[in-house]
Amino acid sequence: MILEIENLELYYGDAQALDRVSFAVEEGELIAIVGANGAGKSSLIHTIAGIVTPRSGRIRFRGTDITGQPTHITCNLGIGQVAEGRQIFPSLTVMENLEMGALLPRARGKMRESIAQVFELFPRLAERKSQIAGTMSGGEQQMLAIGRCLMGRPELIMFDEPSLGLAPALVQELFKTIRALNRRGLTIILVEQNVAVSLKLASHAYVLENGRIVMSGSGPELLNDDRIRNAYLGI
Ligand SMILES: Nc1ncnc2c1ncn2[C@@H]1O[C@H](COP(=O)(O)OP(=O)(O)OP(=O)(O)O)[C@@H](O)[C@H]1O
Ligand SMILES: [Mg+2]
């Protein structure tokens, strides 16, 4: 197992955001996490990344306990995330943004190689490497956010609603990219409002409700489940 989550409980003050969340991710898997607004999806990603600290429970990455470890530690172990709302540095150029992604000790020595890989994956970023990132289109900024994450040479990437605000054609491109990254061996946790597509891609999926996993199964299993179809697919 690349990631093991055991009985995770997270509170913001008195408000509980995660309630005894447990699951495990195998190396090379693509798993989906589905749930309504406020269900706790981003909180789960933030807890794994070390942005927030759980009250109890355990997180292990490749067998190492990383519970409560700060982000620079989890990142340097190979846990990357593409945050909700594409967090890039808007006043820096595309190239500078990518370089910032490679500041981790694990990635520093491989910067040239990583840039070549990112430019191969996203030729558009190569064409625009001197452009100020904040002036790029929404779709281009999303590519940059993914590119910057890849510069850190992650082994596990957590995507938080990457398709938000993208036109349908770009959403298709984005999912192709995510699948391609997974085929190259990257383990992926995908949180998506686009439930139908994410369940199609996922080998395993979990449904979060009020901070609790209420259902799990293979992507196709959940896609055919009446409760999921009613609640998340509107069919
Ligand atoms: N920093 C915070 N301080 C206090 N409460 C928070 C904080 N972050 C999230 N919450 C609360 O925790 C709950 C879970 O939020 P979270 O952002 O994890 O949901 P989500 O599933 O990602 O929702 P969405 O689909 O809208 O992004 C919500 O009730 C939210 O208001
Ligand atoms: Mg969220």
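Just so you know, ligand 1 is whichever comes first in the structure, and atom 1 is the first atom listed for that ligand.
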Inset, instruction - Looking only at distances, please establish whether an N/O atom of ligand 1 is found under 3.5 Å from an N/O atom of Ala17. - result: no
Inset, instruction - Go through ligand 1 atom by atom and flag the ones less than 4.0 Å from a non-hydrogen atom of Glu161. - result: 25 (O), 27 (O)
Inset, instruction - Consider ligand 1: state whether an atom of it lies below 4.0 angstrom from any non-hydrogen atom of Ala36. - result: yes
Legend entry - For Ser43, the ligand 1 atoms whose distance to one of its heavy atoms is below 4.0 Å: 14 (C), 15 (O), 16 (P), 18 (O)
Legend entry - Residue, atom name and distance, where the atom is the protein heavy atom closest to atom 1 (N) of ligand 1: Tyr12 CE2, 3.7 Å
Legend entry - Arg128/Glu140 ion pair, N-O < 4.0 Å: yes
Legend entry - Exam field: side chain Arg55 to backbone Tyr11, donor-acceptor pair closer than 3.5 Å: no
Inset, instruction - Identify, with sequence neighbours excluded, every residue that meets side-chain hydrogen bond (donor to acceptor under 3.5 Å, both in side chains) alongside Glu113. - result: Arg153
Inset, instruction - May I ask you to check whether Gln131 and Thr93 show a side-chain donor-acceptor distance below 3.5 Å? - result: no
Legend entry - Residue part near ligand 1, for Glu84, under 4.0 Å between non-hydrogen atoms: side chain
Inset, instruction - Start with the C-alpha distance between Glu155 and Thr187, add both sets of side-chain angles, then the distance that settles side-chain hydrogen bond (donor to acceptor under 3.5 Å, both in side chains), and finish with yes or no. - result: CA-CA 6 Å; Glu155 292 162 30; Thr187 306; over 6 Å; no
Legend entry - Residue-ligand contact His46/ligand 1, heavy atom below 4.0 Å: no
Legend entry - For atom 25 (O) of ligand 1, closest protein heavy-atom neighbour: Lys41 NZ, 2.7 Å
Inset, instruction - Determine, considering heavy atoms only, which of Ala15, Gly38, Gly35 sits nearest to atom 14 (C) of ligand 1. - result: Gly38
Inset, instruction - For atom 26 (O) of ligand 1, find the nearest protein heavy atom and state the residue, atom name and distance (0.1 Å precision). - result: Asn37 ND2, 2.9 Å
Legend entry - Asp160/Lys41 salt bridge by N-O under 4.0 Å criterion: no
Legend entry - Lys/Arg-Asp/Glu bridge criterion (N-O < 4.0 Å) met for Arg62, Glu27: yes
Inset, instruction - Taking both backbone and side-chain atoms into account, decide whether Asn37 has an N/O/S atom under 2.8 Å from the Mg ion (ligand 2). - result: no
Inset, instruction - Output every pair passing salt bridge (Lys or Arg N to Asp or Glu O under 4.0 Å) with a member in residues 193-222, not counting sequence neighbours, ordered by first then second residue. - result: Asp19-Arg212
Inset, instruction - Give the numbers and elements of all ligand 1 atoms closer than 4.0 Å to a heavy atom of Ser42. - result: 17 (O), 18 (O), 20 (P), 22 (O), 27 (O)
